2 protein chains.
Amino acid sequence: MTSDEPRWLTDEQQRAWRQWLLLTARLPARLNRQLLADSELSLPDFDVLVHLTDVDSGRLRVLELGRALQWEKSRLSHHLTRMERRGLVRREDCAADGRGFEVVVTDAGLAALRAAAPAHVETVQQLVFDGLSAAQVRAMADIADTVLARLGD
Amino acid sequence: MTSDEPRWLTDEQQRAWRQWLLLTARLPARLNRQLLADSELSLPDFDVLVHLTDVDSGRLRVLELGRALQWEKSRLSHHLTRMERRGLVRREDCAADGRGFEVVVTDAGLAALRAAAPAHVETVQQLVFDGLSAAQVRAMADIADTVLARLGD
DNA sequence: CGCTTCTGGTTGACATGTCACCGATCGCGG
DNA sequence: CCGCGATCGGTGACATGTCAACCAGAAGCG
């Protein structure tokens with residue numbers, strides 16, 4: 001038996017896979033370009049600020065933020081350093097745990113987010129949701145859920 | 001009328017969107033890690049080699065390769081330089097057009113691709129397709145087609 | 001032919017992301 | 001209280017990706 005023969009993709013799968021690869025490369029690139037052109041924020045900056053402002057306090061432990069974004073800690077650390085240098089967020093010592101820090105949105109960060117959001121959301125609407133039926137949106141969420149579950153954590 | 005009020009995402013859309021963002025961040029990262037662990041290739045390397053070996057001659061104009069991958073030309077140029085340094089591909093002058101180059105897979109590149117492919121395909125199967133129904137695979141392709149069409153080109 | 005413009009591709013500076021490793025603190029068992 | 005592994009987070013070196021500027025050959029046009 002050739003039981004160790006790889007399970008190659010069927011034509012259907014191959015087509016879906018290649019299209020998906022193209023999409024995951026091009027859509028974020030496009031959104032990033034739109035954000036940079038219309039605001040002071042990059043797409044990663046935007047993500048960080050969205051998650052921070054999701055919470056009332058506008059303040060999150062680095063670890064919590066990392067969990068929400070699902071970023072590696074070193075990536076997050078580097079990015080926070082860059083955002084801190086630009087005055088978008090601030091690190092503050094954490095009273096409860098001497099090792100940790102809390103990340104706080106600054107006024108400038110909040111202002112930048114508010115300025116960037118409308119055009120960004122409109123772009124997402126136009127590029128993605130305007131073309132999809134409600135059923136497709138559900139399918140998209142289901143597919144993402146399924147695969148994310150297989151990725152673990 | 002507040003006709004310039006941004007069209008915020010509905011809850012359904014918001015959920016689908018956030019899951020999709022997570023997926024597009026984490027799945028490529030995972031695939032890249034698997035490739036690097038099990039072979040000499042990164043995910044971008046793999047993409048380049050797949051497209052090159054798609055053609056019988058194993059040789060493509062830089063421009064053609066760029067179109068197939070949908071990469072920016074400078075990204076492709078940088079990446080080819082790195083791959084050339086590692087002996088995976090070779091640039092050759094193009095007879096038909098003095099400005100252009102042809103990219104050729106080397107024996108080492110071909111060997112690396114053949115060595116990396118089985119484990120990579122198996123990983124894609126396990127993480128993605130084993131969890132999805134045939135209908136979901138079709139939905140995935142349709143969604144990708146639709147959004148790619150809206151991205152233009 | 002000679003001039004301009006367009007095109008294929010490269011380069012350098014810089015932003016982003018990853019890996020491997022470090023250092024401090026916490027928390028728990030002895 | 002001490003010791004020690006686990007946890008929180010940062011750092012440096014490096015790979016990857018982007019933007020803008022550039023250069024050489026091609027192509028159109030007088």
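Computed from a predicted structure; not experimentally measured.
- Spacing between atom CG of D93(A) and atom P of dC26(C) amounts to 12 Å, rounded to whole angstrom units.
- Mapping S42(A) and S77(B) onto DNA chain C by nearest heavy atom places S77(B) closer to the 5' end of the strand.
- Residue contacts shown for R61(A) are limited to sugar-phosphate atoms, with no base heavy atom under 4.0 Å away.
- In this structure, R114(B) places its CZ atom where only 12 or fewer heavy-atom neighbours from other residues, nucleotides or ligands lie under 6.0 Å away.
- One interatomic measurement links the two molecules: CG of L63(B) to P of dC6(C), which rounds to 17 Å at whole-angstrom precision.
- Between E64(A) and P44(B), the residue whose closest nucleotide on DNA chain D is further toward the 5' end is E64(A).
- Atoms CD (E72(A)) and C1' (dC21(C)) sit 14 Å apart, rounded to a whole Å.
- With hydrogens and angles ignored, no donor-acceptor pair under 3.5 angstrom links the side chain of H79(A) to the base of dT16(C).
- Taking the nucleotide of DNA chain C with the nearest heavy atom to each of N32(B) and G100(B), the more 5' of the two is matched to G100(B).
- If you take CZ of R75(A) and C1' of dA15(D), they are 14 Å apart, rounded to a whole angstrom.
- At a threshold of 4.0 Å, the pair R138(B)-E12(A) does not count as salt-bridged, since none of the basic side-chain nitrogens sits closer than that to a carboxylate oxygen.
- Taking atom CG on D97(A) and atom P on dT25(C), their separation rounds to 10 Å, with Å as the unit.
- R33(B) places its CZ atom 18 Å from the P atom of dA15(D), with the value rounded to the nearest Å.
- For the pair K73(B) NZ and dG17(D) P, the interatomic distance rounds to 18 Å; values are reported in whole Å.
- For E72(A) and R75(A), the salt-bridge test fails: no basic side-chain N is under 4.0 Å from an acidic carboxylate O.
- Rounded to a whole Å, the CG atom of L76(A) is 16 Å from the C1' atom of dC19(C).
- With 3.5 Å as the limit, one finds no donor-acceptor pair spanning the side chains of T123(A) and R30(A).
- A salt bridge does not link R33(B) with D38(B): every distance from a Lys NZ or Arg NE/NH1/NH2 to an Asp or Glu carboxylate oxygen is 4.0 Å or more.
- Nucleic acid contact for R86(B): none, since no nucleic acid atom lies under 4.0 Å from a heavy atom of the residue.
- At a threshold of 4.0 angstrom between heavy atoms, the contacts of R91(A) are confined to the sugar-phosphate backbone, with no base atom among them.
- When the nearest nucleotides of DNA chain D are assigned to S74(A) and A25(A) by heavy-atom distance, the more 5′-ward of the two goes with S74(A).
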